[in-house]
Amino acid sequence: QVELVESGGGSVQPGGSLRLSCALSVWINSDYCMGWFRQVPGKEREGVASFDTAGHSNYADSVKGRFTISKDNAGNTLYLQMNSLKPEDTAVYYCAARGRCVDPVRVHAPSSMLYWGQGTQVTVSS
């Protein structure tokens with residue numbers, strides 16, 4: 001069982017930045033695929049950015065060049081740096097993990113993830 005706890009959400013004006021953190025109950029190593037996902041009420045959860053266990057990172061087209069996923073390999077924290085935020089980035093953001101996987105091409109599908117955090121709200125509005 002892996003527990004995940006997100007933090008860092010909040011309200012920001014368009015063009016602003018936020019950094020989300022996700023603390024995992026296990027050490028981050030090559031045994032876990034991890035990612036960030038988001039969901040707006042009435043819409044399906046979508047992948048934002050993810051790592052596979054080979055170290056590949058992938059991003060949704062809507063956030064490429066603005067968001068950066070990173071991890072503390074010596075510890076247990078996953079990050080999502082979000083810059084140039086837009087109103088359409090408003091959502092509840094979740095971090096998630098699963099066992100080993102390799103996918104150098106696409107963001108992990110939400111249905112493929114096994115462990116989830118409780119989510120943190122990000123609101124981008126003027």
Side-chain angles (χ1 to χ4, degrees):
Q1 183 73 18
V2 178
E3 297 181 354
L4 305 95
V5 179
E6 302 96 336
S7 61
S11 296
V12 64
Q13 292 187 342
S17 298
L18 283 174
R19 189 192 197 200
L20 304 183
S21 299
C22 174
L24 286 79
S25 62
V26 296
W27 294 113
I28 292 178
N29 52 31
S30 59
D31 289 339
Y32 295 98
C33 284
M34 297 167 288
W36 288 96
F37 302 80
R38 66 187 181 186
Q39 189 168 23
V40 176
K43 293 189 176 182
E44 292 187 355
R45 193 169 296 186
E46 64 174 355
V48 175
S50 62
F51 276 118
D52 68 8
T53 46
H56 302 110
S57 59
N58 290 297
Y59 297 89
D61 288 343
S62 59
V63 306
K64 281 181 181 177
R66 300 189 297 120
F67 290 12
T68 303
I69 188 172
S70 62
K71 54 184 177 175
D72 176 9
N73 286 322
N76 64 343
T77 307
L78 183 70
Y79 302 99
L80 185 68
Q81 178 67 43
M82 305 185 294
N83 298 328
S84 302
L85 282 161
K86 304 176 181 180
E88 51 263 44
D89 294 318
T90 296
V92 178
Y93 283 72
Y94 301 87
C95 62
R98 55 168 288 187
R100 298 174 64 87
C101 70
V102 177
D103 191 342
V105 177
R106 64 187 63 83
V107 179
H108 304 323
S111 60
S112 71
M113 307 307 285
L114 184 59
Y115 307 105
W116 290 88
Q118 82 288 351
T120 184
Q121 177 71 46
V122 171
T123 302
V124 184
S125 174
S126 56

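Scope of the values below: all heavy atoms of this structure, side chains included, with no hydrogens, waters or symmetry mates.
- Between L20 and G9, the shortest heavy-atom distance links the atoms CD2-N, 3.6 Å.
- Residues L114 and V26 share a hydrophobic cluster, clusters being chains of Ile/Leu/Val/Met/Phe/Trp/Tyr side chains in contact below 4.5 Å.
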### Query
How far apart are the C-alpha atoms of R38 and V63, what are their side-chain angles, what is the distance that settles it, and do they pass the side chain to side chain contact (heavy atoms under 4.5 Å, CB included) test?
CA-CA 12 Å; R38 66 187 181 186; V63 306; 4.0 Å; yes
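- Considering CG of D72 and OH of Y79, their distance stands at 5.0 Å, rounded to 0.5 Å.
- Distance alone, capped at 3.5 Å, places no donor-acceptor pair between the T120 side chain and the Y93 backbone.
- Partners of R98 under the side-chain hydrogen bond (donor to acceptor under 3.5 Å, both in side chains) rule, at least two apart in sequence or in another chain, do not exist in this structure.
- With sequence neighbours left out, the salt bridge (charged side-chain N to carboxylate O under 4.0 Å, His left out) criterion links K64 to D61.
- A side-chain donor-acceptor contact under 3.5 Å links D52 to the backbone of D103.
- Nearest approach of K71 to L78, heavy atoms of both residues: CB-CD1, 4.0 Å.
- Of the possible polar contacts, one joining the R66 side chain to the S84 backbone as a donor-acceptor pair under 3.5 Å is found.
- There is a path of hydrophobic side-chain contacts, each under 4.5 Å, that joins Y32 to V48.
- In the hydrophobic clustering, where aliphatic and aromatic side chains (Ile, Leu, Val, Met, Phe, Trp, Tyr) are joined below 4.5 Å either directly or transitively, V102 stands alone.
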#### Entry: Test log, rule side chain to side chain contact (heavy atoms under 4.5 Å, CB included), inputs V107 and W36
CA-CA 9 Å; V107 179; W36 288 96; over 6 Å; no
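- We find the CD1-CG distance between I69 and L80 to be 6.5 Å, quoted to the nearest 0.5 Å.
- We find the OG1-CG distance between T68 and N83 to be 6.5 Å, quoted to the nearest 0.5 Å.
- In this structure, E6 contributes its side chain and G119 its backbone to a donor-acceptor pair below 3.5 Å.
- Looking at heavy atoms from C-beta onward, M34 lies out of side-chain contact with C95 at the 4.5 angstrom threshold.
- The distance from the CD atom of E3 to the CG atom of N76 is 12.0 Å, given to the nearest 0.5 Å.
- With sequence neighbours excluded, the residues that form a side-chain contact (heavy atoms from CB on, under 4.5 Å) with V124 are V12, P14, L85, P87, D89, T90, V122.
- Evaluation of the ring-ring contact (aromatic ring centres under 6.0 Å, His included) test over residues 101-126, restricted to residues two or more places apart or in two chains, returns F37-W116.
- Under the rule for a side-chain hydrogen bond (donor to acceptor under 3.5 Å, both in side chains), the partners of T123 that lie at least two apart in sequence or sit in another chain are Q121.
- The environment of CD in E88 is crowded: more than 12 heavy-atom neighbours from other residues, nucleotides or ligands sit within 6.0 Å.
- M82 has its side chain within reach of L18: a pair of non-hydrogen atoms, C-beta onward, lies under 4.5 Å apart.
- Taken together through direct or relayed side-chain contacts under 4.5 Å among Ile, Leu, Val, Met, Phe, Trp and Tyr, M113 and F51 form parts of separate hydrophobic clusters.
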